[in-house]
There are 2 protein chains.
Amino acid sequence: MNIGDVADAAGLPAKTIRYYEDIGLITPHRSANGYRQFTQSHLHKLAFIARARGLGFSIEQCRTLLALYEDRDRASADVKALAETHLSEIDAKMAELSEMRRTLAELVQACAGDHRPDCPILKGLAAPDKAD
Amino acid sequence: MNIGDVADAAGLPAKTIRYYEDIGLITPHRSANGYRQFTQSHLHKLAFIARARGLGFSIEQCRTLLALYEDRDRASADVKALAETHLSEIDAKMAELSEMRRTLAELVQACAGDHRPDCPILKGLAAPDKAD
DNA sequence: TCTTGACCCTCCAGTCACTGGAAGGCTTAT
DNA sequence: ATAAGCCTTCCAGTGACTGGAGGGTCAAGA
């Protein structure tokens, strides 16, 4: 398969696949004309990476997951540990966003949003503890 | 004030403040020795930016907020619109994270996490619809 | 007076994971 | 012969910093 075919099949831009080759995630062969040649196995890997990325794993985490995937003797505990690490990263981000959301929603709530210049949002940003 | 003083007072690294000058968010004066000189007004602005960044506004959104803050004739509706845009950005990110979390938690749940190689997490990444 | 340590300066490069674009080669069909 | 649609490499940019090298400045103490 050429790069366009795997790109379509894996749901990734061709550019991204070239980048993944650059950083050593995959190593397609080359045909005589210099085109990258992908096998089903390459496609599997790319789809695997695409899904892991979709779950928010970093490229380095994907590299590790891929290595575990290819290692028939891995312990599932190693995979689970990595997934749990990522799960708590997600939880941390969600907590951060949730706190932002709470504060921002309060400010928005307090703002009339009319033609007048008086604005609790700006006041809140300027001096959070005495937002009027 | 020197950069170290405003850095402490605004709760920002000195490097970050230099960067903010680079991109034109603030323009401190210089004393004879080349050191940046900050006024209370600069400090206010920096603290304002720090808080807006803390609520997740992008630098460009901060630039706009700062301009609105300085404009005594702004309409609070303009500020509110920006804040609401950002609020929905936050909501979108939270929804995305929440979906990732849901899927990942399911996989983690299904994984024994022992010494054996059998791993539903890897299976789920390899072929999401038939994760066993 | 000298030195030490804590400041400050600029400039360059790196982070993360791509993404866009230029300039050109290959393939297939008309 | 030419056009469309692939493919290639290489360079540069994104956002928002962050680290480090290499050097100047300042205030306090011996």
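Just so we're on the same page: letters track the sequence lines, and every chain starts at 1.
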task: Write down the distance between CG (A/N2) and C1' (D/dT8), rounded to a whole number of angstrom.
output: 12 Å
field: Donor-acceptor pair present, B/Y35 side chain and D/dG24 base, under 3.5 Å
entry: yes
- prompt: Can you find a side chain N or O atom of A/R63 that sits less than 4.0 Å from OP1 or OP2 on C/dC16?
  reply: no
Whole-Å gap separating C1' (D/dC6) and CD (A/Q37): 13 Å
task: Give a yes/no answer on whether the side chain of B/R36 brings an N or O atom under 4.0 Å of OP1 or OP2 in C/dC7.
output: no
- prompt: Is the shortest side-chain N/O distance from B/T16 to OP1 or OP2 of D/dT18 below 4.0 Å?
  reply: yes
field: Distance in angstrom units between B/I3 CD1 and D/dC26 P, rounded
entry: 16 Å
query: How long is the line joining CD1 of A/I26 and C1' of C/dC18, in whole Å?
result: 14 Å
task: Give A/R18 one of three labels, base, sugar-phosphate or nothing, depending on what nucleic acid heavy atoms sit under 4.0 Å from its own.
output: base
query: How close or far is atom C1' of C/dC18 from atom CG of A/D22, stated in whole angstroms?
result: 11 Å
query: Under 4.0 Å between a Lys/Arg side-chain N and an Asp/Glu carboxylate O for A/R30 and A/E21?
result: yes
message: With a 4.0 Å cut-off on N to O distance, would you call A/E99 and A/R102 a salt bridge?
response: yes
field: Whole angstrom value for the distance that separates P of C/dC16 from CD1 of A/I59
entry: 10 Å
query: B/I23 near the nucleic acid: base, sugar-phosphate alone, or nothing, with a heavy-atom cut-off under 4.0 Å?
result: nothing
query: B/K15 has an atom NZ; how far is it from atom P of C/dA13, in whole Å?
result: 13 Å
- prompt: Shortest non-hydrogen contact from A/I17 to A/A7?
  reply: CD1-CA, 3.6 Å
task: Provide, to the nearest angstrom, the distance between the CD1 atom belonging to B/I17 and the P atom belonging to D/dA16.
output: 17 Å
field: Phosphate OP1/OP2 of C/dC18: any A/R53 side-chain N/O under 4.0 Å
entry: yes
task: Decide, yes or no, whether a salt bridge links B/D114 with A/K80 under the criterion of side-chain N to carboxylate O below 4.0 Å.
output: no
message: Could you tell me if B/H44 and B/S41 have a donor-acceptor pair between their side chains, going purely by distance under 3.5 Å?
response: no
- prompt: Start at the 5' end of DNA chain C and walk down; is the nucleotide closest to B/E21 or to A/S58 reached first?
  reply: B/E21
query: Can you tell which of C/dA17, C/dC9, D/dA16 lies closest to the side chain of A/Y19?
result: C/dA17
- prompt: Quick one: is D/dC7 close enough that its OP1 or OP2 comes under 4.0 Å of any side-chain N or O from A/N33?
  reply: no
